[in-house]
Amino acid sequence: MGIRLPTWVWIGAVALSCVAGMVNVVGFLGFEHQAVSHMTGSTSQLGLALAQGDWRAVGHLWGLLIAFSLGAMLSGLLIQDSALQLGRRYGVALALESALLLVAIPLFEQHQIWGALAAAMACGLQNAMATTFSGAVVRTTHLSGMFTDLGIGLGHLLRGLPLQVRRLTLSGLIISGFLGGGILGAWLFMRWQYDALLAPALLTGLTGLGYVLYQQWARWRH
């Protein structure tokens, strides 16, 4: 399956993967040491907590899963189908994500689980939004699919099948963006603690603003 996306979508996907990398590493380095951008590990931890009867952890982990799903649900309410179409409320969704990240900062500083829940909701909103505008090709808050695409591409290459360069390039860029965001987030956390979330909040807000300006420019051209 080929990928034919506008250049701004490629740039946005990499920027958002960088945001997710920063948010996730701050959540991991925080008081609960909990990943917030993907729910696979959290679901495994939930199974462990249930087996051990650790009901406090069960409550926290269920909260994370529900918060991530609520963020995705909010995206579904705002962006209602899988067609890439100017006029969809991507700018609104990005502004909401930025607001959730800003809300998470004082909650994290007070060592409240609500900080992790707000961050997880922001990631769920972002991931569902990216999936929607890309036709389920791009996931910006976790990398399993990206690494899977790379592996499939290498397998096809070894078999002499056509190499889907655009798809593999996009996967590589998203992986690099997430890794770069993780490095930057860790560096900022060591210096600013939870205020490190100001960086992804700002980047998200600017991405949303950039989308709105692009939308207006495109309308002006037509």
Is it true that a side-chain atom of Thr204 and a backbone atom of Ser98 form a donor plus acceptor pair closer than 3.5 Å?
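Not confirmed, Thr204 side chain does not pair with Ser98 backbone.
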State whether the side chain of Asp149 and the backbone N or O of Ser171 hold a donor-acceptor pair below 3.5 Å, judged by distance alone.
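Not at all, since once roles are kept as given, no pair shorter than 3.5 Å links the two residues.
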Heavy-atom closest contact ([X] atom, [Y] atom, distance):
X      : Y      : value
Thr140 : Phe178 : O-CD1, 4.0 Å
Ser144 : Thr148 : O-OG1, 2.7 Å
Ala104 : Leu197 : CB-CD1, 4.2 Å
Val36  : Ala119 : CG2-CB, 4.1 Å
Leu188 : Ala199 : CD1-CB, 3.6 Å
Pro200 : Ala196 : CD-O, 3.1 Å

Spacing of [atom1] belonging to [X] relative to [atom2] belonging to [Y], to within rounding of 0.5 Å:
X      : Y      : atom1 : atom2 : result
Leu198 : Met22  : CG    : CE    : 11.0 Å
Ile105 : Leu100 : CD1   : CG    : 11.5 Å
Ile174 : Thr169 : CD1   : OG1   : 11.0 Å
Asn24  : Leu29  : CG    : CG    : 9.5 Å

Among residues two or more places apart or on two chains, list those pairs meeting side chain to side chain donor-acceptor pair (under 3.5 Å) that have a residue in residues 100-116.
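Every pair satisfying side chain to side chain donor-acceptor pair (under 3.5 Å) with a residue in residues 100-116: Gln110-Gln112.
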For Phe31, I'd like to know if atom CZ has over 12 heavy atoms of other residues, nucleotides or ligands within 6.0 Å.
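Yes - once you tally the heavy atoms of other residues, nucleotides and ligands closer than 6.0 Å, there are more than 12.
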Is it true that, when you exclude Arg191 itself, more than 12 heavy atoms of the residues, nucleotides or ligands shown sit nearer than 6.0 Å to its CZ?
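Yes, because the 6.0 Å sphere around CZ of Arg191 holds more than 12 heavy atoms from other groups.
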Kindly list each side-chain donor-acceptor pair under 3.5 angstrom involving residues 47-73, sequence neighbours excluded, with atom names and distances?
unit_1: Asp54; atom_1: OD1; unit_2: Ala57; atom_2: N; d: 3.3
unit_1: Trp55; atom_1: NE1; unit_2: Gly53; atom_2: O; d: 3.3
unit_1: Arg56; atom_1: NH2; unit_2: Glu32; atom_2: OE2; d: 3.2
unit_1: Ser69; atom_1: OG; unit_2: Leu65; atom_2: O; d: 3.0

Quick check: do Ile175 and Phe147 have side-chain heavy atoms less than 4.5 Å from each other?
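A side-chain contact under 4.5 Å exists here.
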Can you hop from Val92 to Leu203 via hydrophobic side chains spaced under 4.5 Å?
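No.
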